[in-house]
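Encoded as structure tokens, the structure appears first; notes follow it.
Each chain gets a letter, A, B and so on, in the order its sequence line appears, and its residues count up from 1. Because the structure is predicted, anything quoted here is derived from the model rather than measured.
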There are 2 protein chains.
Amino acid sequence: MRHMTASPRVRMSPDSRREQLLDLGVRLLATRSIDEISIELLAEEAGISRGLLYHYFGNKQDFHRAVVRRAADELIEVTAPSSDTDPLVQLMLSLGAYVEYVTDNFEGYVSLVRAAASGDEGMREIYEEARAALTDRLFEVAGREQLAALGVTDSAATRLMVRGWSALTEEVVISWVRSPAGVSRDDLLQRLAHGLVALVRDPA
Amino acid sequence: MRHMTASPRVRMSPDSRREQLLDLGVRLLATRSIDEISIELLAEEAGISRGLLYHYFGNKQDFHRAVVRRAADELIEVTAPSSDTDPLVQLMLSLGAYVEYVTDNFEGYVSLVRAAASGDEGMREIYEEARAALTDRLFEVAGREQLAALGVTDSAATRLMVRGWSALTEEVVISWVRSPAGVSRDDLLQRLAHGLVALVRDPA
DNA sequence: CAGCGTATTGAACAACCGTCAATAGTGCTG
DNA sequence: CAGCACTATTGACGGTTGTTCAATACGCTG
């Protein structure tokens with residue numbers, strides 16, 4: 001039963017206030033889509049006036065972008081690459097961490113993906129960066145030689161398919177978490193990992 | 001130079017009025033995202049009052065859904081399956097038609113995909129149906145035996161990967177149309193088609 | 001051409017975004 | 001410890017857009 005006491009006025013340091021608002025934004029993202037987070041709602045939930053938000057973020061769009069960026073950063077951090085030498089093992093581990101994140105953080109993750117697909121250009125840019133960060137590191141650890149050994153060469157077509165695989169993975173994992181339908185976690189990871197290799201391998 | 005004459009009041013039959021509004025909605029979708037189509041804008045563009053829209057559609061959400069449903073139906077119709085017997089040829093032809101549609105109708109298509117990813121549940125439902133219609137027919141024409149010959153059996157895992165392949169195809173085609181980066185149309189189609197087969201084939 | 005059904009309007013209300021001058025915490029200074 | 005300055009914070013205001021509803025007028029019918 002909070003909110004009963006309309007505390008008079010709390011003056012915080014700009015940093016902690018900003019932090020508080022961003023955290024709250026990410027937390028709210030688990031319950032509603034990004035554009036259901038109105039300034040109105042956020043201000044009330046944070047116990048501040050609407051006007052204050054504009055002291056920290058230029059406008060609603062800016063705030064939304066900042067929230068999404070933070071959520072994306074969390075995702076990237078949590079699914080950080082391990083230090084295994086075998087690129088396929090590496091891939092499986094990363095995928096596993098990713099699946100775990102989506103599982104534990106389902107609603108929030110869905111909101112993140114949705115936000116990325118919104119009309120806003122800057123929003124999509126943020127998400128593109130995050131996606132790139134997630135996939136690029138998979139290829140960085142595997143040297144050019146190791147990739148060649150798998151029948152993979154770097155090319156525009158390859159990059160295109162990797163991008164596609166990202167979209168596939170998102171869709172499949174979200175769908176799987178919603179209803180696994182008897183598909184085991186290991187099977188899922190196997191198919192995704194092998195899928196990437198198959199999609200990216202040079203045509204015979 | 002329309003809009004100069006604020007024609008006094010035109011009384012149309014409910015059917016043609018509804019049609020006009022939906023068509024206009026789809027047309028506007030080529031220029032802006034779905035939620036940039038405000039009632040305000042639409043009413044002005046259609047030369048009617050804002051209030052009238054509520055005579056035909058319950059609210060903005062309903063109208064947006066109707067517009068997206070219509071756009072999705074157009075896509076399905078345009079990429080209708082041919083009558084070739086070889087499922088792989090069939091797939092290539094369908095994919096070709098799809099790529100052509102996206103090319104000719106780029107902005108509108110992007111808006112459609114974005115709308116589908118919006119927060120609205122009903123919106124996504126509409127899009128899910130459309131996606132299912134697009135992929136299901138690929139598998140219907142190929143009989144169970146033909147699929148078996150390709151090493152494919154129907155299962156939850158298969159359906160999951162098909163769904164993922166849809167997302168992949170969307171992403172890849174949109175990305176390719178934006179910047180082909182030297183990848184030929186044939187190469188694109190080849191990779192998508194082979195990709196589907198590889199993703200869906202039973203694990204060795 | 002009068003009358004009727006209903007397509008259509010426009011005013012009114014609500015919710016929300018964004019701005020800005022005024023207010024009041026907080027730390028510093030003498 | 002009192003006063004001061006800095007600035008975080010507020011609240012009221014104007015503008016846009018979604019939604020409702022009683023009043024209006026178009027076009028058909030007898």
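Among residues at least two apart or in separate chains, there is no ring pair (Phe, Tyr, Trp, His ring centres under 6.0 Å) pair with a member in residues 159-201 of chain A. Legend: salt bridge (charged side-chain N to carboxylate O under 4.0 Å, His left out) pairs involving residues 75-98 of chain B, not counting sequence neighbours: none detected. Counting only residues at least two apart or in different chains, salt bridge (charged side-chain N to carboxylate O under 4.0 Å, His left out) contacts with residues 172-190 of chain A comprise Asp187(A)-Arg191(A).
Counting heavy atoms of neighbouring residues, nucleotides and ligands inside a 6.0 Å radius, atom CZ of Arg144(B) does not exceed 12 of them.
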Side-chain polar contacts of residues 20-31 of chain A - donor-acceptor pairs under 3.5 angstrom, sequence neighbours left out - could you list them?
residue: Gln20(A); atom: OE1; partner: Arg17(A); partner atom: NH1; Å: 2.8
residue: Asp23(A); atom: OD1; partner: Arg70(A); partner atom: NH1; Å: 2.9

What side-chain donor-acceptor pairs closer than 3.5 Å can you find for residues 133-143 of chain A, not counting sequence neighbours?
residue: Thr135(A); atom: OG1; partner: Arg131(A); partner atom: O; Å: 3.2
residue: Thr135(A); atom: OG1; partner: Ala132(A); partner atom: O; Å: 3.3
residue: Arg137(A); atom: NH1; partner: Ile76(A); partner atom: O; Å: 3.3
residue: Arg137(A); atom: NH2; partner: Thr79(A); partner atom: O; Å: 2.3
residue: Arg137(A); atom: NH2; partner: Thr79(A); partner atom: OG1; Å: 2.7

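At its two ends the helix from dC1(C)-dG30(D) to dG30(C)-dC1(D) runs along axes set 20° apart, each axis drawn from five pairs and the angle rounded to 10°.
For the ring-ring contact (aromatic ring centres under 6.0 Å, His included) test, residues two or more places apart in sequence or in another chain that qualify with Phe63(A) are Phe57(A). With sequence neighbours left out, Ser38(A) forms a side chain to side chain contact (heavy atoms under 4.5 Å, CB included) with Glu40(A), Leu41(A).
In this structure, Glu36(B) atom CD and dG18(D) atom C1' are separated by 17 Å, rounded to whole Å. At whole-Å resolution of the value, CD in Gln20(B) and P in dA7(C) are 15 Å apart. As rounded to whole Å, 15 Å separates atom C1' of dG18(D) from atom CD1 of Ile34(B).
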- Under 4.0 Å protein heavy-atom contact, by nucleotide of nucleotides 8-18 of chain C - B base, S sugar-phosphate only: BBB-B---SBB
